[in-house]
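Labels below follow one simple rule: chain letters A, B, ... track the order of the sequence lines, proteins then strands, and each chain is numbered from 1.
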Amino acid sequence: MPFGSSGQASLPPVAQHDEHLRQSAWRSICVNLRPIFVVTTKHFPSPRVFVVYYGVTNRHASLNLNHHGETMPPIIPISDAKDYVGQVVTVRGWIKRKTGKGKLLFLRVRDGSGIFQAVAFRPTLGDELFARAKKLTTESSVILTGEIREDSRAPGVPGGYEMDVRDLEIVQIAAPYPIAPKEHGVEFLLDHRHLWLRSDRQWAIQRVRATVIRAIRDWLDDHGFLNVDTPILTPAAGEGTTTLFEIDYHGTPAYLAQTGQLYNEANIFAFGKVYCFGPTFRAEKSKTRRHLQEFWMVEPEIAFCHLDELLEIEEQFVSYIVQRTLRERAEELALLGRDTSRLEQVVPPFPRLRYDDAVSMIHEAAAAGVTVPPKDEPLPPLPWGEDFGAPHETYIASQFEKPVFVTHYPTAAKAFYMEPDPERPEVCLSADLLAPEGYGEITGGSERMSDPEKLLAAIRREGLPEDAFDWYLDLRQYGSVPHSGFGLGVERTVAWITGIKNVREAIAFPRVLGRIRP
RNA sequence: UCCACCGUAGCUCAAUUGGCAGAGCAGCCGGCUGUUAACCGGCUGGUUCCUGGUUCGAGUCCAGGCGGUGGAGCCA
């Protein structure tokens with residue numbers, strides 16, 4: 001029962017102690033979006049308010065009743081504090097930081113929804129409660145009741161509102177907290193990731209991530225894509241066998257999926273436009289700011305789709321994700337210190353650049369002695385046919401205001417299933433989307449090979465196990481069509497939008513090379 | 001796998017040519033009515049990553065190992 005009372009089926013009467021409590025009750029009723037019916041009676045047995053309700057959402061204040069069925073101040077999330085100025089409310093959370101000045105204590109409190117300051121003043125709180133408040137340590141859990149007031153000096157998210165504490169209940173006094181409000185090393189923070197998540201910065205990043213994921217699903221669901229998820233335990237590689245995590249499948253070797261794409265290709269023949277979304281696994285020995293062993297990827301796949309249509313889908317999709325996040329997570333991005341001016345420009349169309357032209361740009365830049373951040377090392381030359389290194393990606397991306405598509409990579413440098421350009425088979429109908437500001441490749445996609453003979457030849461050329469791909473080849477026997485798809489890495493996208501330096505902060509519990517705890 | 005750098009208090013870091021192991025923060029005690037990583041006074045806190053070597057003497061020099069960070073390759 002969401003009101004936090006005993007859960008009994010009968011409706012609790014609300015005592016009408018005073019005008020203030022009555023207003024609090026009304027207030028909590030009014031903020032609930034779900035239908036609520038209120039009856040007042042003047043006679044039975046004394047003046048009472050009866051509340052009829054159902055389905056109260058957790059997002060809003062709930063009516064707070066004590067054991068006697070009497071109204072208590074409503075329990076609110078900190079994010080709603082601005083709606084309760086002048087009213088007495090209860091907030092449940094954790095102490096981020098405590099500062100003070102004699103008879104005055106400032107408690108920075110977070111509850112997951114937001115951060116604000118609670119002010120404990122000895123003359124109004126009383127000596128006993130004030131002494132209790134002074135005992136609070138960092139990360140102690142508390143239930144605070146007091147009046148919300150507006151004050152421009154009050155810090156927080158959203159700032160400008162604070163609580164004048166009238167009552168407090170200590171749930172637990174926290175042990176000395178290892179993470180101090182100062183700089184820490186990476187190893188220490190990753191060892192304490194379970195606690196590090198409580199920091200302002202990590203809180204903001206995970207809230208952005210949730211919005212990015214919501215935007216991904218909403219856009220695809222609203223554009224005719226069906227979510228059909230693909231297996232994580234798989235019998236064969238998606239793209240080569242060196243980077244797979246092998247597991248024991250009841251005596252048979254199996255692998256954690258590094259892509260859902262091959263299954264996506266089966267699904268389009270049943271559902272037309274599909275996407276899968278989940279964790280993928282790469283056992284690469286990569287220790288860079290852009291790599292995780294386990295990361296989340298959304299992979300749309302579309303039947304009857306050529307490369308040019310795919311690029312239009314991608315630019316609409318990525319723009320929507322960025323613009324919606326800017327709109328809904330402005331406070332979090334501000335907390336992270338993100339300069340959003342570059343992100344505001346992320347709207348279709350994105351520039352398109354052929355691999356050939358990218359190589360020419362790199363040659364000219366290398367000849368001119370251009371250097372690339374972060375170390376300002378000279379741009380290395382790039383022989384035609386090789387894939388870009390990180391400095392090449394950074395340089396190309398830096399030449400454009402928006403994300404840029406690089407298309408028509410050399411066929412030999414790309415995965416076996418990519419369709420060669422019919423006019424020029426040494427390049428394929430592929431496209432990578434490079435994010436600005438050095439965040440690298442955020443999507444990779446292509447038109448897929450639809451001809452069964454050519455696909456079989458490609459599998460043999462790569463030396464892949466033919467029998468593992470029998471069903472994949474089979475797809476091309478029954479109504480094969482041109483089709484295309486791409487994958488977008490969630491952590492790289494979140495890192496780019498939030499402006500963080502390393503993808504490991506974009507996921508709650510990152511799996512990086514050499515680390516499996518916590 | 002390769003390259004570079006790093007390892008000293010719970011954390012971030014000092015320690016001169018090889019010569020007494022130090023500070024700030026956190027924690028504890030006391031003070032302060034508007035703090036924003038407050039401030040003031042006091043206290044507590046050490047296997048200097050490990051093993052061996054050189055030396056009268058090693059945090060410091062040498063050898064080997066372990067751990068970490070960044071990058072390369074590869075990738076989203």
Expressed as a whole number of Å, how far does the C1' atom of B:U48 sit from that of B:U60? 10 Å
Would you kindly give the CD-to-P distance between A:Q261 and B:C75, to the nearest whole Å? 14 Å
Parallel, tilted or perpendicular, as decided by the 30° and 60° cut-offs, for the rings of A:F405 and A:F350: tilted
For B:G67, which nucleotide is its Watson-Crick or G-U wobble mate, given both distances must be under 3.5 Å? B:C6
Within the supplied structure, the quantity of interest is the number of heavy atoms (other residues, nucleotides, ligands) at a distance under 6.0 Å from A:K82 NZ; does it exceed 12? yes
Would you please name every residue forming a ring pair (Phe, Tyr, Trp, His ring centres under 6.0 Å) with A:Y409, sequence neighbours left out? A:Y355, A:F388
Across the strands shown, which category fits A:R515 at heavy-atom distances under 4.0 angstrom: base, sugar-phosphate, nothing? nothing
Say you pick atom C1' in B:G64 and the same atom in B:A21; how far apart are they, in whole Å? 27 Å
Using a heavy-atom distance cut-off of less than 4.0 Å, which residues of residues 291-303 of chain A contact RNA chain B? A:H291, A:L292, A:F295, A:M297
Here the distance between atom C1' of B:C75 and atom CD of A:Q258, to the nearest Å, is 10 Å
What's the gap between B:C50 and B:G68 when it is taken at their C1' atoms, as a whole Å value? 15 Å
Given the P atoms of B:A58 and B:G52, what is the spacing between them in whole Å? 14 Å
Given 3.5 Å as the limit, does a donor-acceptor pair link the side chain of A:S430 with the main chain of A:T407, or not? no
Does a donor on one side chain and an acceptor on the other come within less than 3.5 Å for A:D191 and A:W196? no
Just to be sure I understand the geometry, which residues of residues 108-116 of chain A put a non-hydrogen atom under 4.0 Å away from RNA chain B? none
Residue met sooner reading RNA chain B from 5', once A:T288 and A:A154 are mapped to nucleotides: A:A154
Please state whether the rings of A:Y472 and A:F416 are parallel, tilted or perpendicular, taking 30° and 60° as the class boundaries. perpendicular
Nearest-nucleotide check on RNA chain B, A:I442 vs A:G389; residue mapping nearer the 5' end is A:G389
Under the salt bridge (Lys or Arg N to Asp or Glu O under 4.0 Å) criterion, do A:E505 and A:R209 qualify, and how do the steps go? CA-CA 10 Å; A:E505 289 183 57; A:R209 177 188 169 105; over 6 Å; no
Is the closest side-chain heavy-atom distance between A:D432 and A:T443 below 4.5 Å? no
Whole-Å distance, A:K103 NZ to B:G31 P, equals 12 Å
Hey, do the aromatic rings of A:F317 and A:F486 have their centres closer than 6.0 Å? yes
Would you indicate what A:R201 reaches in the nucleic acid, counting non-hydrogen atoms under 4.0 angstrom: base, sugar-phosphate, or nothing? nothing
Is the distance from OP1 or OP2 of B:A26 to the nearest side-chain N or O of A:R97 less than 4.0 Å? no
Quick one: is A:K101 getting a side-chain N or O under 4.0 Å of the B:U33 phosphate, OP1 or OP2? no
Could you measure between the two P atoms, the one in B:G67 and the one in B:G27, and give it in whole Å? 33 Å
No-hydrogen, no-angle side-chain donor-acceptor test under 3.5 Å, A:R515 and A:Q293: no
With a 3.5 Å cut-off and just heavy-atom distances, do the side chain of A:R122 and the base of B:C32 make a donor-acceptor pair? no
For nucleotides B:G71 and B:A15, find the distance between their P atoms and express it as a whole number of Å. 27 Å
Charged N-O contact under 4.0 Å between A:R149 and A:E162: yes
Is a salt bridge present between A:R132 and A:E169, judged by a nitrogen-to-oxygen distance below 4.0 Å? no
Listed in order of residue number, which residues of residues 124-141 of chain A have a non-hydrogen atom at under 4.0 Å from RNA chain B? A:T137
Where the side chain of A:D151 is defined as all heavy atoms beyond and including C-beta, which of B:G34, B:A72, B:U69 is the nearest nucleotide? B:G34
So do A:K402 and A:P351 actually touch side chain to side chain, heavy atoms under 4.5 Å? yes
Rounding to an integer number of angstrom, what distance separates B:U55 and B:A23 when you compare their C1' atoms? 30 Å
A:K98 NZ - B:U36 P separation (whole Å): 16 Å
Considering every strand and a 4.0 Å limit on heavy-atom distances, what is the contact class for A:T493: base, sugar-phosphate, or nothing? nothing
My understanding is that only one of A:E265, A:R448, A:E447, A:Q261 makes a side-chain hydrogen bond (donor to acceptor under 3.5 Å, both in side chains) with A:Y417; could you say which? A:Q261
Excluding sequence neighbours, so at least two apart, what forms salt bridge (Lys or Arg N to Asp or Glu O under 4.0 Å) with A:E147? A:R166
Between B:U69, B:G68, B:C74, spot the one nearest the side chain of A:V186, thanks. B:U69
May I ask you to say what A:E491 touches in the nucleic acid, namely base, sugar-phosphate or nothing, with a heavy-atom cut-off under 4.0 Å? nothing
Atom pair distance, as rounded to whole Å: CD in A:E284 and P in B:G73: 12 Å
Would you mind reading off the distance between A:H184 atom NE2 and B:U12 atom P, rounded to a whole angstrom? 7 Å
Could you tell me whether A:E386 contacts a base, only the sugar-phosphate backbone, or nothing, with contacts defined as non-hydrogen atoms closer than 4.0 Å? nothing
Please list each protein N or O that sits under 3.5 Å from an N or O in nucleotides 1-10 of chain B, with the distance.
unit_1, atom_1, unit_2, atom_2, d
B:U1, O4, A:K285, O, 3.3

Let me know the distance between CG of A:L105 and C1' of B:U36, rounded to the nearest Å. 15 Å
At under 4.0 Å, does any side-chain N or O of A:N502 touch on OP1 or OP2 of B:G70? yes
Separation of the C1' atoms in B:A38 and B:C61, to the nearest angstrom: 45 Å
Going by the angle between their ring planes, with limits at 30° and 60°, are A:H192 and A:H194 parallel, tilted or perpendicular? parallel
Pair partner, B:C39 [Watson-Crick or wobble, under 3.5 Å]: B:G31
With a 3.5 Å cut-off and just heavy-atom distances, do the side chain of A:Q117 and the base of B:U35 make a donor-acceptor pair? yes
Would you mind reading off the distance between A:R289 atom CZ and B:U69 atom C1', rounded to a whole angstrom? 12 Å
Side chain of A:P391 only, please: which of B:U36, B:G34, B:A72 is the nearest? B:A72
If you apply the rule side chain to side chain contact (heavy atoms under 4.5 Å, CB included), what do you find for A:K98 with A:T138, and how did you get there? CA-CA 7 Å; A:K98 182 182 70 179; A:T138 301; over 6 Å; no
If you compare every side-chain N and O of A:R153 against the phosphate oxygens of B:U36 (OP1, OP2), does one of them come in below 4.0 Å? no
Can we say A:D151 and A:R153 salt-bridge, meaning some charged N sits less than 4.0 Å from an Asp/Glu carboxylate O? yes
Return the nucleotide paired to B:G19: Watson-Crick means purine N1 to pyrimidine N3 with N6-O4 or O6-N4, wobble means G-U with N1-O2 and O6-N3, both under 3.5 Å. B:C56
Looking for any heavy atom pair under 4.0 Å, which part of the strands does A:D432 touch: base, sugar-phosphate only, or nothing? nothing
